[in-house]
Amino acid sequence: MPELPEVETVRAGLAPALTKALIQSVEIFDVRSLKRHLPGPNDFVQTLVGARILAVVRRGKFLWMPLQLAGDNNPAETSVALVGHLGMSGQMLLRLPGAEPDKCNRVTILVQAAGPAQLSNGDTFSGGGFAANELIEFRFIDQRIFGSLAIDRLINTTDAGLGGFQAEFAPTPSASLSDSGSIASESHWWLNRLPESAAHISRDALDPAFDVKALVRRLAAKQTGIKRALLDQQLISGVGNIYADEALWATKLHYDQTAATLTSAKVKELFANVVSILQAAVAQGGTSFDDQYKNVNGESGYFAVSLNAYGQTGQPCKRCATLIKREQWANRGSHFCPRCQKLRP
DNA sequence: CAGAGCTCCTGAGCGC
DNA sequence: TGCGCTCAGGAGCTCT
């Protein structure tokens, strides 16, 4: 189940191959994967063919590619992007034409790679292992069809900061919003924008511009369980069921502890744990728990071996040896240590 | 308005 | 071997 580390692994894999690539053709195998593209599948195909992909950007679990449409000399004015969400079981794979078919392949976008190029930060663009002008199949795989692809307008961020994460424009943690804002230019018009459909999503936990004070303030007013709050993408984005359970275990919090009962120190500790767990998972290429998550080459991530709570039902807690318990919660599972993570008044 | 609950969906895995 | 049941949950929507 893809969360921030899995989506970031996919983004990092797609970016070298797809940046500046030209879309040749689009094949739809299941229109349900385009349910978020309201104008319909024909419009989706017609809009994409001939478009150039300018970047691959992510906020939380949302991923988007700003586009320059065919014959459009003012893409900053048109301001559209191909927006993808992996949902529960989505994968984005890069294959050479003629490669073995993948199960549950819902959409295939054939692109011509731009190949080696100079990036604006001075680094040399490798082409992601693909030669210049090489044809690549971008395959959208999705067993349960909770994910989707759509074309959406990009709108300005309300705080004028970066819309999402894009490695070559990653600000340093000390950079202020205005610093990152100044990066936007005519040639990189999308930097301070994000898809309208993702505009309600909070900055994610790994975003240097994430407002921890605001999180403390908003949680203090939440009369709901802390896990529900962690999964609320409008409060903090990028966290799903796996990393929520891990962060709660690390902070010794019960999933149903009312958010408003936490001290601000405890909220900061929880946030710090979310950040370090997500960072560690990114470094290991994400978690492959049930074979639903793969990187762009179809390989699994290695974070599963580091899990302390999620999927550890019946295993001894690594702190106190009490057996980890799984409880049914909000139509899903919650894993926790009944001794370390007690519900407090 | 805030919070809880429902719903979309299908293939893998398991028991009989 | 084969059939049918169960299970997984992100996020938007709909109730209360």
Side-chain angles (χ1 to χ4, degrees), chain A residues 1-8 10 29-38 58-64 83-92 101-107 140-150 152 194-202 204-205 215 217-248 255-262 274 278 281 286-294 298 300 304 307 309-314 326-336:
Chain A
M1 39 227 81
E3 304 179 32
L4 187 153
E6 293 74 38
V7 181
E8 174 52 28
V10 169
F29 303 110
D30 197 321
V31 294
R32 290 174 298 178
S33 288
L34 301 179
K35 62 195 164 195
R36 305 256 169 237
H37 186 73
L38 301 180
R58 177 194 56 76
R59 174 186 289 209
K61 307 171 199 172
F62 281 82
L63 192 143
W64 64 91
V83 183
H85 198 293
L86 299 176
M88 275 294 303
S89 54
Q91 300 174 20
M92 293 179 180
D102 287 289
K103 271 186 186 173
C104 306
N105 189 174
R106 311 301 187 191
V107 178
F140 184 70
I141 318 294
D142 193 5
Q143 184 207 102
R144 291 169 222 173
I145 323 184
F146 283 6
S148 63
L149 293 177
D152 194 17
L194 80 169
E196 211 165 6
S197 52
H200 62 296
I201 297 298
S202 159
D204 65 58
L215 180 69
R217 204 181 331 115
R218 294 176 72 185
L219 285 183
K222 281 275 168 199
Q223 296 302 318
T224 190
I226 185 62
K227 180 164 174 179
R228 190 177 273 272
L230 266 186
L231 295 178
D232 182 348
Q233 305 296 301
Q234 302 191 43
L235 287 170
I236 176 172
S237 71
V239 181
N241 204 38
I242 295 177
Y243 298 113
D245 280 0
E246 291 302 305
L248 291 171
Y255 61 87
D256 219 12
Q257 185 74 41
T258 302
T261 65
L262 302 186
V274 168
L278 291 179
T287 303
S288 295
F289 194 74
D290 61 359
D291 219 45
Q292 286 303 332
Y293 161 70
K294 302 280 169 133
S300 298
L307 294 175
Y310 185 86
Q312 307 302 303
T313 312
R326 178 184 187 278
E327 280 181 6
Q328 194 72 21
W329 169 85
N331 277 335
R332 40 175 72 70
S334 221
H335 310 75
F336 66 107

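On a predicted model such as this, the values are computed, not experimentally measured, just so you know. The chains referred to below are lettered A, B, ... by the order of the sequence lines, with proteins before strands, and numbering in each begins at 1.
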J.: OP1 or OP2 of B:dC8 versus the side-chain N and O atoms of A:Arg32: is any pair under 4.0 Å?
T.: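 For B:dC8, neither OP1 nor OP2 has a side-chain N or O of A:Arg32 closer than 4.0 Å.
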J.: Under 4.0 Å from OP1 or OP2 of C:dA11: is there any side-chain N or O of A:Gln233 that close?
T.: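 Answer is yes, contact under 4.0 Å.
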J.: Nearest to the side chain of A:Asn331, heavy atoms from C-beta on, is which of C:dG12, B:dC6, B:dT10?
T.: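 So the nucleotide nearest the side chain must be B:dC6.
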J.: Could you state the NE2-P distance from A:His200 to C:dA11, rounded to the nearest angstrom?
T.: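 After rounding, the reported distance stands at 8 Å.
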J.: Which residue, A:Lys61 or A:Gln328, contacts DNA chain C at a nucleotide closer to its 5' end, judged by nearest heavy atom?
T.: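 Checking each residue's closest nucleotide, the 5'-ward one belongs to A:Gln328.
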J.: Looking at C:dG9, I'd like to know if its phosphate oxygens (OP1 or OP2) sit under 4.0 Å from a side-chain N or O belonging to A:Tyr310.
T.: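 Checking C:dG9 against A:Tyr310, a side-chain N or O does come within under 4.0 Å of OP1 or OP2.
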J.: Might you point out which heavy atoms bring A:Ser89 and A:Pro2 nearest each other, and give the distance in Å?
T.: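 In terms of heavy atoms, the two residues are closest at N-CD, 4.4 Å.
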J.: Search all heavy atoms of A:Ala229 against all heavy atoms of A:Leu235 and return the closest pair with its distance.
T.: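 It is O-CD1, 3.6 Å.
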J.: Tell me: CG of A:Asp232 to C1' of C:dG10, nearest whole Å?
T.: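 Rounding to the nearest Å, CG of A:Asp232 and C1' of C:dG10 are 12 Å apart.
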J.: I want to check one thing: is the phosphate of C:dA11, taken as OP1 and OP2, less than 4.0 Å away from some side-chain N or O of A:Arg228?
T.: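 A:Arg228 to C:dA11 OP1/OP2: no side-chain N or O under 4.0 Å.
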J.: Quickly work out the A:Tyr255 OH to C:dG9 P distance and round it to whole Å.
T.: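 One finds 13 Å between P of C:dG9 and OH of A:Tyr255, rounded.
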J.: Apply side chain to side chain contact (heavy atoms under 4.5 Å, CB included) to the pair A:His335 and A:Thr313, showing each step before the final yes or no.
T.: CA-CA 7 Å; A:His335 310 75; A:Thr313 312; 3.4 Å; yes
J.: Can you tell me which nucleotide in B:dT10, C:dG9, C:dG12 comes closest to the side chain of A:Arg106?
T.: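 Comparing B:dT10, C:dG9, C:dG12 against the side chain of A:Arg106, the answer is B:dT10.
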J.: For the side chain of A:Arg144, starting at C-beta, report the closest nucleotide among C:dA8, C:dG10, C:dG12.
T.: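 From the listed options, C:dA8 comes nearest.
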J.: Quick one: is C:dG10 close enough that its OP1 or OP2 comes under 4.0 Å of any side-chain N or O from A:His85?
T.: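 Indeed not, no polar side-chain atom of A:His85 lies that close.
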J.: Between A:Ala330 and A:Asp30, who's closer to the 5' end of DNA chain B by nearest nucleotide?
T.: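 Looking at the nearest nucleotide for each, A:Ala330 comes out on the 5' side.
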J.: Rounded off to whole Å, could you give me the NZ-to-C1' distance for the A:Lys227 and B:dG3 pair?
T.: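 The answer, rounded to whole Å, is 17 Å.
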J.: What nucleic acid atoms does A:Gly147 come within less than 4.0 Å of, heavy atoms only: base, sugar-phosphate, or nothing?
T.: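 If one applies the 4.0 Å heavy-atom cut-off, A:Gly147 turns out to touch nothing in the nucleic acid.
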J.: Can you see which heavy atom on A:Ala244 is nearest to which on A:Leu231, and at what distance?
T.: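 Taking A:Ala244 first and A:Leu231 second, the nearest heavy atoms are CB-CD2, 3.9 Å.
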J.: For A:Phe146 and C:dA11, are the ring centres under 5.5 Å apart with planes inclined under 30°?
T.: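 No, A:Phe146 does not stack on the base of C:dA11, since the centre distance and plane angle fail the 5.5 Å and 30° test.
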J.: Check if the side chain of A:Arg332 and the base of C:dA8 share a donor-acceptor pair of N or O atoms closer than 3.5 Å.
T.: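 Result: no qualifying N/O pair found.
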J.: Does a side-chain N or O of A:Asn241 approach OP1 or OP2 of C:dG9 to a distance below 4.0 Å, or not?
T.: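 Result: yes.
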J.: What are the two closest non-hydrogen atoms of A:Lys35 and A:Ile145, and how far apart are they?
T.: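 For A:Lys35 versus A:Ile145, the nearest heavy atoms are NZ-O, 2.6 Å.
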J.: Measure CG/A:Leu86 against P/B:dC9 and give the value in whole Å, please.
T.: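 Roughly 19 Å, once rounded to whole Å.
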J.: Does A:Lys103 make a side-chain N or O approach to OP1 or OP2 of B:dG11 shorter than 4.0 Å?
T.: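 It does not, given that no N or O in the side chain of A:Lys103 lies less than 4.0 Å from OP1 or OP2 of B:dG11.
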J.: B:dT10 C1' sits how many Å from A:Lys35 NZ, rounded?
T.: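 Taking NZ of A:Lys35 and C1' of B:dT10, I get 12 Å after rounding.
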J.: The side chain of A:Arg36 lies closest to which of these nucleotides: C:dG12, B:dC9, C:dA11?
T.: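 Among the listed nucleotides, the one closest to the side chain of A:Arg36 is C:dG12.
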J.: Can you see which heavy atom on A:Arg228 is nearest to which on A:Ala330, and at what distance?
T.: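 For A:Arg228 versus A:Ala330, the nearest heavy atoms are NH2-CB, 3.9 Å.
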J.: How long is the line joining CG of A:Asp245 and P of C:dG10, in whole Å?
T.: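 Computing the A:Asp245:CG to C:dG10:P distance gives 10 Å.
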J.: Looking at A:Thr224, does any N or O in its side chain come under 4.0 Å of the phosphate oxygens OP1/OP2 on B:dA4?
T.: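 Checking B:dA4 against A:Thr224, a side-chain N or O does come within under 4.0 Å of OP1 or OP2.
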J.: Looking across every strand, which nucleic acid part, if any, lies under 4.0 Å from A:Arg218 by heavy atom: base, sugar-phosphate, or nothing?
T.: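 It contacts nothing in the nucleic acid.
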J.: Whether A:Lys222 contacts B:dA2 is assessed here as follows: a side-chain N or O lying under 4.0 Å from the phosphate OP1 or OP2. Is that the case?
T.: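 So the side chain of A:Lys222 is outside the cut-off, no N or O lying under 4.0 Å from OP1 or OP2 of B:dA2.
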J.: Does A:Asp204 come within less than 4.0 Å of A:Lys61, counting only side-chain N to carboxylate O?
T.: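 A:Lys61 and A:Asp204: not salt-bridged.
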J.: For A:Arg59 and C:dA11, what is the distance between atoms CZ and P respectively, to the nearest whole Å?
T.: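 So the two atoms are 14 Å apart, to the nearest Å.
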